[in-house]
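Structure first, then comments.
Per chain, numbering begins at 1; letters A, B, ... match sequence-line order.
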Amino acid sequence: MSWMTDNPLDLDSLLQETDDDTCGALVVFAGTVRNHHEGKAVSGMSYSAYKPMADRVLRELEQETLARYPVEQCRIMHRTGDLVIGEASVLVVVRSHHRADAFDAARYAIDTLKMRLPVWKHDMYTDGSTAYQDGVPLEDPPASGARAKED
Amino acid sequence: MSWMTDNPLDLDSLLQETDDDTCGALVVFAGTVRNHHEGKAVSGMSYSAYKPMADRVLRELEQETLARYPVEQCRIMHRTGDLVIGEASVLVVVRSHHRADAFDAARYAIDTLKMRLPVWKHDMYTDGSTAYQDGVPLEDPPASGARAKED
Amino acid sequence: MLVVEFYGVLQQVAGAKSLKLEAEQASLTVDEALELLRQQMPGLAEHLPRVACAQADQLVRRDQPLDPEQPLVLLPPVSGGCGRQA
Amino acid sequence: MLVVEFYGVLQQVAGAKSLKLEAEQASLTVDEALELLRQQMPGLAEHLPRVACAQADQLVRRDQPLDPEQPLVLLPPVSGGCGRQA
């Protein structure tokens with residue numbers, strides 16, 4: 001299994017990986033590159049990552065999603081490198097018995113990913129300029145001995 | 001565009017149909033045939049529909065979803081005929097600017113579909129028996145002159 | 001004469017996809033047609049309270065008059081999508 | 001000596017992907033390393049309050065001692081997924 005990749009994300013292979021005859025509900029979330037950002041026309045986007053940590057964050061987020069929600073399958077992949085308009089930067093695939101759980105779990109996975117995944121977006125605008133998008137500061141790990149708060 | 005079909009549902013063609021460079025969020029819901037129902041092992045499923053009304057219900061549900069939620073694209077297709085385990089019976093595809101809206105809209109579409117779409121599921125069990133699944137009675141249309149309640 | 005079409009479990013109960021209802025009046029309401037149907041096919045009676053009725057692509061209320069040129073379509077409780085909860 | 005690696009906008013600000021930090025002590029805490037970095041590259045100062053630090057695949061707190069064998073990785077606010085709200 002892989003989590004971070006320089007290659008175009010392949011939904012079909014994630015659907016095959018998560019194939020599960022016990023599940024009646026499948027929810028997919030994809031983030032795709034938009035043609036605009038804060039009023040400026042975007043020509044493309046470049047994602048960079050701190051890969052050693054990013055792979056671990058996604059692997060653990062899959063496990064955490066499976067533990068927090070009654071869902072049977074959860075896979076997450078994130079793209080790095082140069083993307084054109086319309087290409088997917090992230091895919092979340094969840095399968096469950098009941099559809100409400102699949103929706104909740106997929107939403108949790110993408111919301112949490114955006115707070116934890118060490119990935120940076122570099123916008124390329126049609127006027128030739130570029131800019132790193134500001135984002136969410138990563139939270140410090142809990143002090144040793146202390147346990148992470150469960151909410 | 002088609003809504004009810006006897007052919008296997010094709011996610012790729014719905015993704016192409018809804019392609020929209022202004023959207024950064026895509027949510028897909030698929031209902032798939034499970035291998036069990038209320039403790040009995042299922043070998044397959046047959047869906048029948050009252051097609052003249054079913055096509056209209058899905059077409060209107062797409063429009064209603066687009067009107068109720070700030071989403072740019074909504075497509076819904078439902079399968080009829082004999083399905084094997086794992087095949088998709090329904091696909092909902094929503095694209096929006098903001099991901100929360102895509103999740104909300106896709107959920108509304110599938111929840112509402114299950115109350116309005118004249119489709120019936122006939123389970124085929126591995127022991128050779130079959131059974132129509134009970135479902136949700138369709139609601140009567142409002143009395144003429146009265147307006148449908150908006151909630 | 002009015003054609004009545006059955007869907008879902010009603011096809012099983014009626015043992016047919018449709019039948020012809022002989023009516024004395026030229027025009028019937030949905031309620032009147034269902035009452036005739038109940039007399040002609042008593043096995044359907046227990047299903048009728050949860051059945052919706054349609055003509056062409058529209059649902060019709062029980063008090064509405066039927067278009068005698070179009071079949072009356074009987075729609076039992078629906079189970080589209082996926083599993084009952086999936 | 002400690003290797004410091006930059007990611008995201010910090011590569012732009014630092015004008016490099018990494019640098020070597022000369023330290024007198026053999027072992028530094030994260031805070032001590034960031035203070036040396038601030039002295040050596042004042043342009044980074046305004047970014048440091050919102051930067052997270054990592055070694056290998058784990059985040060490290062500001063009060064933790066660093067493994068001098070591993071690079072100190074500076075991670076600015078993250079923007080994975082898709083648009084800020086998408």
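- No donor-acceptor pair closer than 3.5 Å links the side chain of Trp120(B) to the backbone N or O of Gly80(C).
- With a threshold of 4.5 angstrom between heavy atoms, Leu117(B) approaches chain C through N, CA, C or O but not through any side-chain atom.
- Heavy-atom neighbours of Lys40(B) NZ from other residues, nucleotides or ligands within 6.0 Å: above the threshold of 12.
- Arg62(C) places a side-chain heavy atom less than 4.5 Å from the side chain of Asp140(B).
- Contacts between Ala49(B) and chain C at a heavy-atom distance below 4.5 Å involve the backbone alone (N, CA, C, O).
- Of all residues spanning residues 28-51 of chain C, those with a heavy atom less than 4.5 Å away from chain B's heavy atoms are Arg50(C), arranged by number.
- A distance of 13.5 Å separates CD of Glu139(B) from CZ of Arg61(C), quoted to the nearest 0.5 Å.
- With respect to chain C, the highest number of heavy-atom pairs below 4.5 Å among Pro118(B), Ala30(B), Ala54(B), Pro141(B) belongs to Pro141(B).
- Leu75(C) is listed as a side-chain neighbour of Met53(B), based on a closest heavy-atom distance under 4.5 Å.
- Within the 4.5 angstrom heavy-atom criterion, atoms from both the backbone and the side chain of Val9(C) approach chain B.
- If you take OH on Tyr47(B) and OG on Ser79(C), they are separated by 7.0 Å, rounding to the nearest 0.5 Å.
- For residues 53-60 of chain C, heavy-atom neighbours of chain B at less than 4.5 Å comprise Ala54(C), Gln55(C), Ala56(C), Asp57(C), Gln58(C), Leu59(C), Val60(C), sorted by residue number.
- Ser89(B) places a side-chain N or O within 3.5 Å of a backbone atom of Gly81(C) that can act as its donor or acceptor partner.
- Within the 4.5 Å cutoff, the side chain of Pro77(C) has no heavy atoms near those of the Val136(B) side chain.
- Residue Met45(B): no heavy atom, backbone or side chain, is found under 4.5 Å from chain C.
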